[in-house]
Amino acid sequence: MADTGKVLVVGSNGQLGVELTDALVDHYGEDQVIPSDITPSDRKNFIKLDVLDADQLRVIVQEQQIQEVYLLAALLSARGEKYPLVAWQINMDGLLNVLELARAGVIRKIFWPSSIAVFGETTPKVDTPQETIISPDTMYGITKLAGERLCAYYAKKFQVDVRSVRYPGLVGYRALPGGGTTDYAVAIYHKAVVGEVYRCFLEPNTRLPFLFMPDAVRATLEIMQAPASKISVHSGYNLAGFSSTPAEITASIQQHIPNFQIEYEPDFRQQIADSWPESVDDQVARKDWGWQSHYGLADMSKVMIQCLREQFSSKIVSS
Ligand code: AKB
């Protein structure tokens, strides 16, 4: 059971939402977790929710006696460049609606994800520190920077307990991401496992920071369970897993699938990737709440390929 009341996941059908909801159910029990999303789902207790509808959000929170909200609904970097005003609206108004519920004392605690997208071309690229030049070049990054400042403001001014991490690219096998720049690192495994060539929208040597999903989920649970006294950063903690390029991920896949082929067709996402760090320094998260990643590229590739193979063969059997 959560210490008080239930947990609401907003965006439970997304890449992180699917896995985080399962982890929350394992931790708190099925009756304590309310998954919600704008698209339907047959998950137990699921509620269809548009985070921009502040009234609907308040009613659900009150009726379900929600105390903690995990706000995952967002437009990511690549889609945000196509629809900048929609990105601003979903990413900012959604956050404000949840922060306001906390300010009014209706909910007790919030998790809101920030991203390496807060960094920009003028940020130091290697081992990017927690505190550094933050000048994003994308609308998504701008919303994450503004969101970080809002979180820090509500924490300081209204004592709202809001916690956040700057996720790097997340890689998992359960659900496909959508609309991000780091999405290639998931799609590449799907193509490899079905024996197809992967056409990569980034150049071979584009180095970006990543986190395997089990680490990302564990980080989220750990920061939310840490005593409030341990949280010194209310904007967003840097989180490091490993850093890789498309060429390195290809080589790692070829250890398991030697015939796997990649072709490179960089598009507008190259410019977004070029504005982000190659690696981040997460020593503040390590010191404050004991964060430590477990997976590197080789371990992740092994698990991704094994689990995707199982997933595809069980689909073939059941179809
Ligand atoms: C994206 O690529 O937009 C996201 C992110 C790094 O926040 N995965």
Side-chain angles (χ1 to χ4, degrees), residues 11 13-20 70-84 86-88 90-92 94-95 111-121 123 125 128 134-148 151 164-190 200-203 206-217 219-220 235-246 249 266-280 282 285 293 300 304:
N13 296 349
Q15 187 205 12
L16 173 62
V18 166
E19 304 214 23
L20 184 61
Y70 291 74
L71 174 55
L72 310 180
L75 230 69
L76 300 185
S77 56
R79 196 161 293 150
E81 290 309 283
K82 293 211 160 134
Y83 308 104
V86 183
W88 178 264
I90 293 178
N91 298 0
M92 299 318 310
L95 174 59
F111 176 79
W112 174 79
S114 186
S115 160
I116 52 156
V118 293
F119 301 121
E121 272 166 16
T123 305
K125 277 210 170 306
T128 304
I134 295 199
S135 54
D137 297 293
T138 60
M139 179 52 100
Y140 174 64
I142 291 168
T143 66
K144 289 298 178 190
L145 168 56
E148 284 198 0
C151 290
S164 179
V165 293
R166 291 174 179 151
Y167 288 126
L170 300 184
V171 184
Y173 59 88
R174 292 275 310 281
L176 282 165
T181 302
T182 58
D183 293 9
Y184 89 85
V186 179
I188 192 171
Y189 286 95
H190 282 252
C200 186
F201 55 76
L202 297 182
E203 283 165 3
T206 310
R207 185 171 300 284
L208 288 171
F210 290 99
L211 203 53
F212 190 31
M213 196 57 88
D215 274 341
V217 167
T220 311
S235 47
Y237 279 96
N238 280 4
L239 274 192
F242 61 93
S243 288
S244 278
T245 66
I249 296 178
D267 65 16
F268 72 99
R269 288 168 280 194
Q270 183 65 47
Q271 205 180 347
I272 301 177
D274 287 342
S275 75
W276 289 351
E278 293 184 1
S279 57
V280 295
D282 62 358
S293 68
M300 182 186 84
M304 281 294 286

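Whatever order the structure lists ligands and atoms in, that order sets their numbers, starting from 1.
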Minimum-distance pair of heavy atoms, taken over all atoms of Lys125 and Trp276: NZ-O, 2.9 Å
Under 4.0 Å from ligand 1 - residues by heavy atom, chain and number: Leu76, Ser77, Ser115, Ile116, Tyr140, Gly180, Thr181, Thr182, Trp276
For the student: nearest non-hydrogen atoms of Ser244 and Ile249, plus distance: CB-CG1, 3.9 Å
Summary of salt bridge (charged side-chain N to carboxylate O under 4.0 Å, His left out) pairs that have at least one residue in residues 135-147, sequence neighbours excluded: none
Atom pairs and distances, donor-acceptor, side-chain atoms in residues 177-185, under 3.5 Å, two or more places apart:
from: Thr181; atom 1: OG1; to: Ser77; atom 2: OG; distance (Å): 2.7
from: Asp183; atom 1: OD1; to: Gly180; atom 2: N; distance (Å): 3.3
from: Asp183; atom 1: OD2; to: Gly179; atom 2: N; distance (Å): 3.1
from: Asp183; atom 1: OD2; to: Gly180; atom 2: N; distance (Å): 2.9

Without placing hydrogens or testing angles, list every side-chain donor-acceptor pair under 3.5 Å for residues 266-273, not counting sequence neighbours.
from: Asp267; atom 1: OD1; to: Arg269; atom 2: N; distance (Å): 2.9
from: Asp267; atom 1: OD1; to: Arg269; atom 2: NE; distance (Å): 3.2
from: Asp267; atom 1: OD2; to: Arg269; atom 2: NE; distance (Å): 3.2
from: Asp267; atom 1: OD2; to: Arg269; atom 2: NH2; distance (Å): 2.6
from: Gln270; atom 1: OE1; to: Glu203; atom 2: N; distance (Å): 2.6
from: Gln270; atom 1: NE2; to: Thr206; atom 2: OG1; distance (Å): 3.1
from: Gln270; atom 1: NE2; to: Asp274; atom 2: OD1; distance (Å): 2.9

Separation of Lys82 NZ from Leu75 CG (nearest 0.5 Å): 11.5 Å
